[in-house]
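These values consider heavy atoms only, across backbone and side chains, with no hydrogens, waters or symmetry-generated copies. Chain letters run A, B, ... following the sequence lines, proteins first, then strands; residues in each count from 1. Keep in mind the model is a prediction, meaning the values are calculated, not measured.
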2 protein chains.
Amino acid sequence: MNIGQAASASGVSAKMIRYYEQIGLLPAADRRDSGYRDYDTEDVHRLGFVRRARDLGFSIEQIRSLLALWSDAGRSNADVRAIARTHLKEMEEQARKLQDMIATLQALVGSCEKGARATCPIIEELGDHHPAPAAPTKARRRAA
Amino acid sequence: MNIGQAASASGVSAKMIRYYEQIGLLPAADRRDSGYRDYDTEDVHRLGFVRRARDLGFSIEQIRSLLALWSDAGRSNADVRAIARTHLKEMEEQARKLQDMIATLQALVGSCEKGARATCPIIEELGDHHPAPAAPTKARRRAA
DNA sequence: GCTTGACCTTCCCATGATGGGAAGGATTAG
DNA sequence: CTAATCCTTCCCATCATGGGAAGGTCAAGC
């Protein structure tokens, strides 16, 4: 089947299929005489695998490993779990940061709502309360 | 002061300062005869504002609006809150998606640990429950 | 003075994953 | 046969950030 059909069958766009092939995530597809790529059901199955892994937020490199394990009869579940756990940790860390930002911003919005002050706490906080000193007097700066 | 000093004083890298100027987020800095950019404490203050907004996950475009409101004496807190709330919603949505992915993956890892089955549920799920591995039984492709 | 090293300038390239679109060839339906 | 639709490759853009090269400037030491 053509790339367009493989795309709609797998849920991966034709653009992405070509991209995955280009970066070596997928083997180069067979070509017809015309130069058109040709896919079979196994290819579509693999594309679906990739799409579901992407839906779970796995990176391309992680999917590369998962694909290798997928087709490795002698794989160990521990290997797969290791990749999944690494990804889980990354996502949990990301979620923590996000929650921190949300909490901070919620607090700011809340105090901006309550106080009918002219000075909005959101703006005040971002402005760090005063014209910045030239020297990093506050040690909380991170190195550039 | 030079861009490097403004960078360490504000916590925004020199690269980013130039970038922000280039995209018009910040006004073009004064130049000395040498061509060096020249910053004063107000510039550093503004840079700090931008950095703190970035730390809260605001996009460049949102910061553009916040900056305008910051220097607008006649701003309304409601305008600021609107931007903050929009951003808050985006982050909350992002957090929900992330939590979904985490929960799904945690469940998969959990079931992969409990069952000592040869077939890892993670791989099975990604393979859409079809038998699968079907390691390149068909050696019709060159290895990736 | 002059040298040296740190700093600045602009410009180009890369990331990660995705999409848009152009130019041109292939296939297919009518 | 023709027109529409598909395919090909190639280039560009995103978003925010960094790396690095080539070359100019500044400040400190001798």
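Between the side chains of B/Gln106 and A/Glu92, at least one donor-acceptor pair of N or O atoms lies under 3.5 Å.
If you measure from atom CD of A/Glu21 to atom P of D/dC10, you get 12 Å, rounded to the nearest angstrom. Rounded to whole Å, atom P of C/dA17 lies 5 Å from atom CD1 of A/Ile60. Taking atom CG of residue B/Leu56 and atom P of nucleotide D/dA16, one finds them 15 Å apart after rounding to whole Å. Protein atom CG of A/Asn2 is 8 Å distant from nucleotide atom P of C/dT28, rounded to whole Å. Summarising the geometry, the separation between OH on B/Tyr39 and P on C/dC7 is reported as 16 Å, rounded to the nearest angstrom. Between the CD atom of B/Glu61 and the P atom of D/dC15 there is a distance of 8 Å, rounded to whole Å. B/Ile17 places its CD1 atom 16 Å from the C1' atom of C/dT10, with the value rounded to the nearest Å. If you measure from atom CZ of B/Arg64 to atom C1' of D/dA16, you get 13 Å, rounded to the nearest angstrom.
OP1 or OP2 of D/dT8 has at least one side-chain nitrogen or oxygen of A/Arg18 nearer than 4.0 Å. For C/dT10, the OP1/OP2 oxygens have a side-chain nitrogen or oxygen of B/Arg37 closer than 4.0 Å. In terms of phosphate contacts, A/Arg31 brings a side-chain nitrogen or oxygen within less than 4.0 Å of OP1 or OP2 of D/dT9. Applying the 4.0 Å criterion to OP1 and OP2 of C/dA17, one finds that A/Tyr20 has every side-chain N and O outside that range. OP1 or OP2 of D/dT17 has not a single side-chain nitrogen or oxygen of B/Ser13 nearer than 4.0 Å.
The nearest pair of heavy atoms linking B/Leu67 to B/Leu25 is CD1-O, 3.6 Å.
Separating the CD atom in B/Glu61 from the CD1 atom in B/Ile83 is a distance of 11.0 Å, to the nearest 0.5 Å.
The base of C/dC7 sits within donor-acceptor range of the side chain of B/Tyr36, with an N or O pair under 3.5 Å.
When distances run from any side-chain atom of B/Lys15 to the nucleotides C/dG19, D/dG20, D/dC7, the shortest one goes to D/dG20. With C/dC8, D/dC7, D/dG18 as the choices, the nucleotide that has an atom nearest any side-chain atom of B/Ile3 turns out to be C/dC8.
With hydrogens and angles ignored, the 3.5 Å screen pairs no side-chain donor or acceptor of B/Asn2 with any backbone N or O of B/Gly4.
Residues A/Gly35 and A/Tyr19 each lie close to DNA chain C; by heavy-atom proximity, the contact nearer the 5' end of the strand is made by A/Tyr19. Comparing B/Ser34 and B/Ser59, the nucleotide of DNA chain D nearest to each residue sits closer to the 5' end for B/Ser59.
Here B/Arg32 lies out of heavy-atom contact (under 4.0 Å) with every strand.
Ring orientation note: the planes of B/Trp70 and B/His45 are nearly perpendicular, at an angle over 60° on the 30°/60° scale.
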